Amino acid sequence: MEKATCIGFYSLRLVASSDARVSEAILMAGKRKQAMGEPGRHFPELPFDPIVAALRQLHDQIAAEKIPDDFMKLLEKLDKMPAKQRSN
Amino acid sequence: MAPVSEPEPCGPPVDVFKQQMLALIPSLRAFARGLCSNRDLADDLSQEAMARAWAARESFTPGTNFRAWMFMILRNEFYTTIRKTSRMTSWDPQVAERLLVIPATQHVGIDLADIERAMARLPVEQREMLLLVAAGGMSYEEAAAVTGCALGTVKSRIARGRAALTRMIDGEGGSVAATEADPGSGGTAAALATP
């Protein structure tokens with residue numbers, strides 16, 4: 001079981017256990033890592049803490065999943081869907 | 001007779017709109033999963049939100065915050081679904097199985113399974129704020145736009161949500177499972193409170 005928690009001014013590292021479910025979160029102060037392909041993602045004013053790091057890790061795990069084919073099929077179908085008229 | 005020109009569409013070009021939606025799919029799925037704790041339902045919500053956004057694309061003003069607009073639609077879809085069904089309490093079987101096999105005492109730092117369990121127990125109004133800002137990296141202003149709340153409400157919900165998570169994680173030697181409603185000791189809650 002590998003565990004280490006290190007909270008410093010510039011970095012926070014979480015390595016919780018040997019279980020694959022529990023993984024590593026590294027946050028860098030100043031330039032925090034932004035998720036690839038996610039527009040506008042930034043992390044304001046929150047002080048470093050392991051809970052926030054874990055929440056980001058959860059988010060990033062889901063965001064890194066392969067997008068199901070259903071989504072691509074939907075995008076293909078959208079062209080045939082008309083836009084609603086503005087109501088004003 | 002002079003030809004009558006078609007009214008100009010108000011939304012962005014369809015290709016641009018579609019590309020913007022495509023880029024947001026990962027974070028939409030993550031937000032939806034955090035809200036409802038059910039993979040299939042989360043994907044259904046995300047797709048429904050995309051379809052609604054597409055249908056309403058001409059009401060989107062280019063240059064404004066597309067991400068906040070999409071998240072707002074997804075959030076509305078979630079609350080609409082909540083009102084219609086009680087499915088929100090069901091857990092993704094894969095998630096539930098995964099959480100069960102992780103011993104609650106087997107950690108020193110933060111166990112992601114504990115965080116998931118704790119998040120599922122938070123009031124949804126606090127959960128959504130943490131998902132938007134802490135997990136999703138939105139600014140307070142964006143989160144306020146998505147939820148229709150005042151900035152102060154966003155901040156206070158985040159502070160309360162983080163404090164509650166901390167209490168649940170700290171309680172009972174770190175096992176969230178044993179800390180149902182009692183917030184337990186303050187622990188690091190004070191340090192986590194939003195300034």
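Computed from a predicted structure; not experimentally measured. Throughout, protein chains are lettered first and strands after them, A, B, ... in sequence-line order, and every chain is numbered starting at 1.
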Nearest 0.5 Å, what's the [atom1]-[atom2] distance between [X] and [Y]?
X      : Y      : atom1 : atom2 : answer
A:D70  : B:S46  : CG    : OG    : 11.5 Å
B:L22  : A:F71  : CG    : CZ    : 11.0 Å
B:I25  : A:L74  : CD1   : CG    : 7.5 Å
A:K73  : B:Q47  : NZ    : CD    : 10.0 Å
B:L131 : A:L55  : CG    : CG    : 7.5 Å
A:L58  : B:L112 : CG    : CG    : 5.0 Å

**Item:** B:A42 versus chain A, the contacting section by heavy-atom distance below 4.5 Å
**Value:**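 Contact with chain A: none, neither part.
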
**Request:** Test side-chain contact (heavy atoms from CB on, under 4.5 Å) on A:I51 and B:I115 and set out the steps.
**Result:** CA-CA 7 Å; A:I51 285 181; B:I115 284 285; 4.0 Å; yes

**Request:** Taking all non-hydrogen atoms of both residues into account, name the closest pair between A:H59 and B:A30 and its distance.
**Result:**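 Result for this residue pair: CD2-CB, 3.6 Å.
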
**Item:** Where B:P26 and A:A63 come nearest, the two heavy atoms and their spacing
**Value:**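 B:P26 and A:A63 have their closest heavy atoms at CB-O, 3.4 Å.
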
Do [X] and [Y] belong together in a cluster built from hydrophobic side chains that touch within less than 4.5 Å?
X      : Y      : answer
B:M21  : B:V16  : no
A:M72  : B:F17  : yes
B:M129 : B:V124 : yes
B:F31  : B:I82  : yes

**Request:** With sequence neighbours excluded, tell me which residues meet side chain to side chain contact (heavy atoms under 4.5 Å, CB included) with A:E65.
**Result:**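 If we apply the side chain to side chain contact (heavy atoms under 4.5 Å, CB included) test to A:E65, skipping adjacent residues, the hits are A:I62, B:R29, B:R33, B:R39.
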
**Contact origin within A:K66 toward chain B - heavy atom pairs under 4.5 Å** =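 The backbone, not the side chain.
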
**Prompt:** Between A:L75 and chain B, which part of the residue has a heavy atom less than 4.5 Å away: side chain, backbone, both or neither?
**Reply:**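 Interface part for A:L75: both.
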
**salt bridge (Lys or Arg N to Asp or Glu O under 4.0 Å): pairs with one or both residues in residues 128-138 of chain B, sequence neighbours excluded** =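 Sorted result for residues 128-138 of chain B: B:R75-B:E128.
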
**Asked** Ignoring hydrogens and geometry, is there a side-chain-to-backbone donor-acceptor pair from A:R56 to B:A134 under 3.5 Å?
**Response**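 Pair found, side chain donor or acceptor close to backbone of B:A134.
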
